[in-house]
Every structure is written in C-alpha cells, then in structure tokens.
Number of protein chains: 2
Amino acid sequence: MDEIDLKILKILQKNAKYSLEDLSAELKIPKSTVAYRIKRLEALNIIKGYYAQIDPTALNLDYIVISLVRARYGKNYHTELGSKLASLPGVWGVYFVLGDIDFIVVGRYRNREEFVENYLEKLMSMPEIERSSTQVVVKIIKESPNMIIWW
Amino acid sequence: MDEIDLKILKILQKNAKYSLEDLSAELKIPKSTVAYRIKRLEALNIIKGYYAQIDPTALNLDYIVISLVRARYGKNYHTELGSKLASLPGVWGVYFVLGDIDFIVVGRYRNREEFVENYLEKLMSMPEIERSSTQVVVKIIKESPNMIIWW
DNA sequence: TCTGAAATCAGAATGGT
DNA sequence: ACCATTCTGATTTCAGA
C-alpha cells in the first residue's frame with residue numbers, strides 16, 4: 001500500500017466508474033499498471049466490492065431510526081443480542097460501544113407501521129435488553145459512509 | 001418505478017459490476033432494455049452513483065466514534081451546529097433527532113491522537129453545544145448502509 | 001417506451017522486462 | 001512488480017417498432 005494505491009482508492013471510493021484510461025492519465029502510470037494495482041487491491045480485499053448508491057427517499061425510506069440499547073448482564077448476552085439486533089429487517093448498522101449504552105442500532109423503514117412491525121415490536125420482545133430508547137431521525141444532515149479516506 | 005426497476009436496483013445495490021447480459025438473463029428482458037432502464041434510473045437520480053467499498057480496517061481506521069450531542073437553545077443554533085458537525089474531518093454521518101439528544105454524529109479515525117485533534121477538540125470548542133457524550137465503538141457488528149432495499 | 005443489431009470502447013489476458 | 005500490446009466482451013448508439 002503506497003501513495004499510488006491510496007490515490008486509486010481515493011478516486012474509486014467516490015466513483016467506481018472512473019476508467020482505467022482516466023486513472024492512467026491522472027496518476028501518470030500506464031493503464032495496464034492501474035489494472036494490475038486494482039486487481040491486487042481487490043485480491044487483498046482492501047476493495048471489498050462495488051455497489052450502486054440508491055437514494056433512500058426515492059424508495060420512500062424516510063422513517064430512519066436510531067436506538068440506544070443497554071443489555072442485561074449475563075454470559076453471552078452481549079454477543080447474542082448483537083447478532084439478534086443485526087438480523088432485524090431494515091437494520092443496517094449495529095455498533096457495540098462501551099459506557100452507559102451497549103449498542104447503537106440504525107435502521108431504515110418506509111413508514112411507521114413497517115417500523116413498528118419489523119423493528120420495534122421485535123426489539124421490545126428481546127429479554128436480553130435491559131433498557132432502550134429509540135430516536136426518529138428528523139433530518140439526515142450527512143450520510144456518506146463510503147467516504148473512507150478523508151485526509 | 002415498477003417491479004423490474006426494483007429488481008435492477010436490488011441487484012446493483014449489492015454488485016455494481018453485474019453485467020447487462022447477466023441482468024438481461026435474470027430479468028428476461030433484452031439487454032438494451034436493461035441499459036435503457038438503468039440510464040433512466042441514473043437520470044432520475046434514483047441511482048446516485050457507483051462506489052468502491054473500501055475496508056476501513058485495511059487503512060487502520062479502527063478508531064470509530066459515535067457522539068450524542070445536545071445543542072443550546074437559540075435561533076439558527078441547530079442548523080448551524082448541524083453543518084459544523086458535518087464539516088469535521090472524519091465525520092461521515094450526522095443525524096438530527098428529536099428527544100433528549102439533538103444530533104448523533106459518527107466518525108472514523110486512525111488513532112486516538114487523530115481523533116482528539118480532528119474531532120474532540122473541535123467538538124469541545126463549539127459554543128452551540130450544551131452537552132455531549134462520545135462513545136468509542138468496540139466492535140462493528142453490522143455496517144451495510146448501501147443495502148437500501150431489504151424487503 | 002422498448003428492442004435488435006452494429007459500432008465503439010473499456011477491461012482482461014498475455015508475455016516480455 | 002511493472003508495462004505494451006492484443007484480444008475479448010461489455011456498453012453505447014441508433015434506427016425501427
């Protein structure tokens with residue numbers, strides 16, 4: 001991983017359709033070398049894949065929720081609860097944190113009913129949870145999780 | 001936006017490199033029609049772009065933080081604070097929520113020093129903040145924000 | 001709006017340094 | 001590990017339905 005690899009990643013994290021030719025011109029190295037580098041980054045699993053970014057609002061996914069969850073104490077309670085939370089439909093993020101709270105959970109739904117049915121009811125029936133508070137997101141000010149390299 | 005569009009999106013949200021030919025076979029429509037559909041989804045900004053997904057740990061980004069922020073009351077305090085939080089280096093998510101907390105902020109850093117310098121010090125010098133608590137993520141159990149369509 | 005065929009172009013493969 | 005060339009196949013274009 002050198003400076004050139006980093007430059008490639010910096011460009012591809014923003015635009016996966018950037019062509020080998022343009023990368024070649026940008027980095028001033030032959031395009032076959034660019035191809036070679038990218039293949040290596042893929043093989044090393046540094047590039048984990050390519051995906052289309054879809055506008056959530058276009059699919060009416062504007063019922064975004066974030067929950068702060070505290071687990072009960074007990075052996076395996078944390079790991080078990082973690083995977084149970086992660087498997088809830090609509091949940092895309094589960095973070096295990098230290099402190100007052102144990103888990104932060106993020107999910108996207110199309111409306112209140114869908115949220116209640118797929119998320120809230122299931123959450124409230126989990127015995128491993130000691131306490132949880134769920135917030136509805138009013139506005140997404142920033143959401144660009146694909147921008148890994150910012151420096 | 002019909003059933004076919006949704007199927008296309010469902011596939012491309014997972015794999016942007018899925019070829020027109022394979023999509024054509026999968027959906028049982030000619031590949032030129034698939035191309036036509038995709039172009040339309042792009043034009044309508046339903047597909048917002050294509051990205052390479054980069055492994056954060058490969059770049060030593062394992063100092064992940066989530067802050068719960070409460071703003072002071074006052075005109076414009078909330079919108080101003082929102083954009084100030086979003087502009088912090090390393091911050092990729094800022095959510096405005098209702099309730100006890102006003103903002104939930106997510107950031108990625110390579111180490112403690114980088115986090116303190118780029119994030120914590122700047123956060124703590126923001127007068128619009130009444131109170132904030134920052135959690136360090138011990139484990140990312142799930143993080144797949146690109147999976148928009150789950151039903 | 002959709003489709004088939006042709007043309008174009010980008011990416012994969014090869015082999016040499 | 002790097003790079004020039006060749007080759008393959010995916011995408012774009014366009015005319016017609």
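Lettering follows sequence order; numbering is per chain, from 1. For clarity, every value in this text was computed on a predicted model and none was experimentally measured.
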- Checking side chain to side chain contact (heavy atoms under 4.5 Å, CB included) for the pair B:Ile64/B:Tyr109: CA distance, chi angles, key distance, verdict? CA-CA 6 Å; B:Ile64 317 286; B:Tyr109 301 90; over 6 Å; no
Is there a donor-acceptor pair under 3.5 Å between the side chain of [X] and the backbone N or O of [Y]?
X        : Y        : result
A:Asp62  : A:Thr57  : no
B:Asn111 : B:Glu114 : yes
A:Lys142 : B:Ala86  : yes

- Query: In residues 31-42 of chain A, which ones come under 4.0 Å of DNA chain C, going by heavy atoms?
  - Reply: A:Lys31, A:Lys39
- Between A:Glu130 and A:Tyr73: side-chain donor-acceptor atoms closer than 3.5 Å: no
For atom [atom1] of [X] and atom [atom2] of [N], their distance in whole Å:
X       : N      : atom1 : atom2 : result
B:Ile8  : D:dT11 : CD1   : P     : 13 Å
A:Ile47 : C:dG11 : CD1   : C1'   : 14 Å
B:Lys28 : C:dC2  : NZ    : P     : 18 Å

- Item | Within 45° cone of B:Trp150 ring axis and under 6.0 Å: A:Arg108 NZ or CZ | no
- So is B:Lys17 actually on top of A:Tyr50's ring, under 6.0 Å and inside 45° of the axis? yes
- Using the side chain to side chain contact (heavy atoms under 4.5 Å, CB included) rule, take B:Lys48 and A:Ile54 through it: C-alpha gap first, then chi angles, then the decisive distance, then the call. CA-CA 6 Å; B:Lys48 302 184 85 178; A:Ile54 297 160; over 6 Å; no
- Message: Please list, in numerical order, the residues of residues 11-24 of chain A that have a heavy atom closer than 4.0 Å to any atom of DNA chain D.
- Response: none
- Query: If pairs are Watson-Crick or G-U with both distances under 3.5 Å, what is the dot-bracket string of DNA chain C, marking crossing pairs with [ ] and pairs to another strand with |?
  - Reply: ||||||||||.||||||
- Evaluate side-chain hydrogen bond (donor to acceptor under 3.5 Å, both in side chains) for A:Thr134 paired with A:Tyr119, printing each intermediate quantity in order. CA-CA 10 Å; A:Thr134 298; A:Tyr119 184 90; 4.7 Å; no
- salt bridge (Lys or Arg N to Asp or Glu O under 4.0 Å) partner of B:Asp5, chosen from B:Lys39, B:Arg40, B:Lys10: B:Arg40
